[in-house]
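Before any comments, here is the structure.
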Amino acid sequence: QVHLAESGGGLVQAGGSLRLSCAVSGRAFYRYAMGWFRQAPGKEREFVAAADWSGGSTVYADSVKGRFTISRDNAKNTLYLQMNSLKPEDTAVYYCATSDVRYTGPKRLADEYSAWGQGTQVTVSS
């Protein structure tokens with residue numbers, strides 16, 4: 001059974017940086033596309049960034065493009081999200097997710113992911 005565990009969240013001032021990690025166990029991590037989503041209080045979960053199975057193809061939400069970078073280390077079974085120039089509107093619980101279709105491109109829709117982590121809180125103060 002696949003298990004995802006996010007870490008790296010916290011409280012940071014506007015303009016600061018954080019790096020989130022998502023450790024995956026229970027499956028061959030390198031075969032599957034991965035993504036990051038976030039959910040702010042009172043709002044729906046929204047797409048942030050995604051990477052294909054190799055990490056060579058990535059996509060981003062317009063709101064984070066140029067500030068966030070998704071990457072993966074297939075040898076360590078770990079997905080990352082480097083977040084720079086953080087804004088108060090980035091405050092949310094951040095979730096990582098994995099698809100269950102092998103060797104596919106990055107995916108923007110939550111329905112295309114089959115397993116999720118518990119989330120890590122990111123709070124950006126103004």
Side-chain angles (χ1 to χ4, degrees):
Q1 183 175 355
V2 63
H3 179 70
L4 296 84
E6 302 95 337
S7 61
L11 173 64
V12 63
Q13 289 188 330
S17 299
L18 284 174
R19 189 175 82 154
L20 305 184
S21 299
C22 173
V24 180
S25 60
R27 68 159 39 165
F29 172 79
Y30 67 92
R31 293 175 178 166
Y32 302 98
M34 298 287 299
W36 287 100
F37 289 74
R38 67 187 181 186
Q39 188 167 18
K43 295 187 177 181
E44 295 187 352
R45 189 171 298 189
E46 65 173 358
F47 169 76
V48 175
D52 75 341
W53 64 275
S54 71
S57 178
T58 57
V59 293
Y60 296 90
D62 288 345
S63 59
V64 307
K65 199 173 296 182
R67 300 187 298 122
F68 291 11
T69 303
I70 187 172
S71 63
R72 62 190 297 163
D73 186 335
N74 285 348
K76 295 183 178 180
N77 288 3
T78 303
L79 179 74
Y80 302 100
L81 185 68
Q82 178 67 45
M83 306 186 294
N84 298 329
S85 302
L86 282 161
K87 304 175 181 180
E89 51 263 44
D90 294 318
T91 295
V93 177
Y94 283 71
Y95 300 89
C96 63
T98 179
S99 74
D100 60 0
V101 180
R102 296 181 181 183
Y103 304 120
T104 59
K107 305 178 183 304
R108 293 178 177 268
L109 301 179
D111 288 349
E112 295 184 283
Y113 292 90
S114 59
W116 296 77
Q118 292 299 306
T120 185
Q121 176 70 47
V122 172
T123 302
V124 184
S125 63
S126 57

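Just so you know, these numbers use all the heavy atoms, side chains as well, and skip hydrogens, waters and symmetry mates.
- Checked against the 6.0 Å centroid criterion, the rings of Phe68 and Trp36 do not qualify as a close aromatic pair.
- Under the 4.5 Å side-chain heavy-atom criterion for grouping Ile, Leu, Val, Met, Phe, Trp and Tyr, Val24 is not connected to Tyr80 through any hydrophobic cluster.
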Original post:
Are Trp53 and Tyr32 close enough, and set up right, to give a ring-ring contact (aromatic ring centres under 6.0 Å, His included), and what steps lead you there?
Top reply: CA-CA 5 Å; Trp53 64 275; Tyr32 302 98; over 10 Å; no
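- Of the inter-residue distances, the one linking Asn74 atom CG with Tyr30 atom OH reads 9.0 Å to the nearest 0.5 angstrom.
- The CD1 atom of Ile70 sits 12.0 Å away from atom CE of Met83, with the distance rounded to the nearest 0.5 Å.
- Between Val2 and Ala115, the shortest heavy-atom distance links the atoms CG1-CB, 3.5 Å.
- In this structure, Arg67 contributes its side chain and Ser63 its backbone to a donor-acceptor pair below 3.5 Å.
- Side-chain N or O atoms of Thr91 include one that pairs as donor or acceptor with a backbone N or O of Val124 at under 3.5 Å.
- Atoms CG and SG, from Leu79 and Cys96 in turn, are 6.5 Å apart once rounded to the nearest 0.5 Å.
- Here the CG atom belonging to Asn77 is positioned 10.5 Å from the SG atom belonging to Cys22, to the nearest 0.5 angstrom.
- Nearest heavy-atom pair across Tyr94 and Val48 is CE2-CG2, 4.3 Å.
- Not a single donor-acceptor pair under 3.5 Å links the side chain of Glu112 to the backbone N or O of Lys107.
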Subject >> Working for side-chain contact (heavy atoms from CB on, under 4.5 Å), residues Arg45 and Val93 >> reply: CA-CA 9 Å; Arg45 189 171 298 189; Val93 177; over 6 Å; no
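- Residue Gln118 places its CD atom among 12 or fewer non-hydrogen atoms of other residues, nucleotides or ligands, all under 6.0 Å distant.
- Summarising the geometry of Asp100 relative to Ser114, their closest heavy-atom pair is CB-OG, 3.3 Å, with the distance given to 0.1 Å.
- We find that Asp90 and Lys87 are not joined by a salt bridge, their nearest charged nitrogen and carboxylate oxygen being 4.0 Å or further apart.
- The heavy-atom pair separating Gly105 from Ala33 by the smallest distance is O-CB, 3.4 Å.
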Original post:
What do the steps show when you test Asp52 against Thr58 for side-chain contact (heavy atoms from CB on, under 4.5 Å), and what is the final call?
Top reply: CA-CA 6 Å; Asp52 75 341; Thr58 57; over 6 Å; no
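- In this structure, a donor-acceptor pair under 3.5 Å is absent between the side chains of Ser54 and Arg72.
- Stacking of Arg38 on the aromatic ring of Tyr95 is not recorded, the 6.0 Å distance cut-off and the 45° axial limit not both being met.
- Here CD of Gln82 is found 7.0 Å from CZ of Arg19. Values are rounded to the nearest 0.5 Å.
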Original post:
For Lys76 and Phe29, what are the C-alpha separation, side-chain angles and deciding distance, and is it a side-chain contact (heavy atoms from CB on, under 4.5 Å)?
Top reply: CA-CA 9 Å; Lys76 295 183 178 180; Phe29 172 79; over 6 Å; no
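- Val64 and Phe47 fall into different hydrophobic clusters, where Ile, Leu, Val, Met, Phe, Trp and Tyr are joined by side-chain heavy atoms under 4.5 Å apart, directly or via other members.
- Phe37 and Leu86 sit in two unconnected hydrophobic clusters of ILVMFWY residues. Membership requires side-chain heavy atoms under 4.5 Å apart, directly or through other members.
- When every heavy atom of Leu20 is checked against every heavy atom of Gly9, the shortest pair comes out as CD2-N, 3.6 Å.
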**OP:** Test Ser25 against His3 for side-chain contact (heavy atoms from CB on, under 4.5 Å), laying out the working first.
**Re:** CA-CA 5 Å; Ser25 60; His3 179 70; 3.5 Å; yes
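- Under the 3.5 Å distance criterion, with hydrogens and angles disregarded, a donor-acceptor pair is assigned to the side chains of Ser17 and Asn84.
- Nearest heavy-atom pair, Ala92 versus Ala40, reported as atom, atom and distance to 0.1 Å: CB-N, 3.8 Å.
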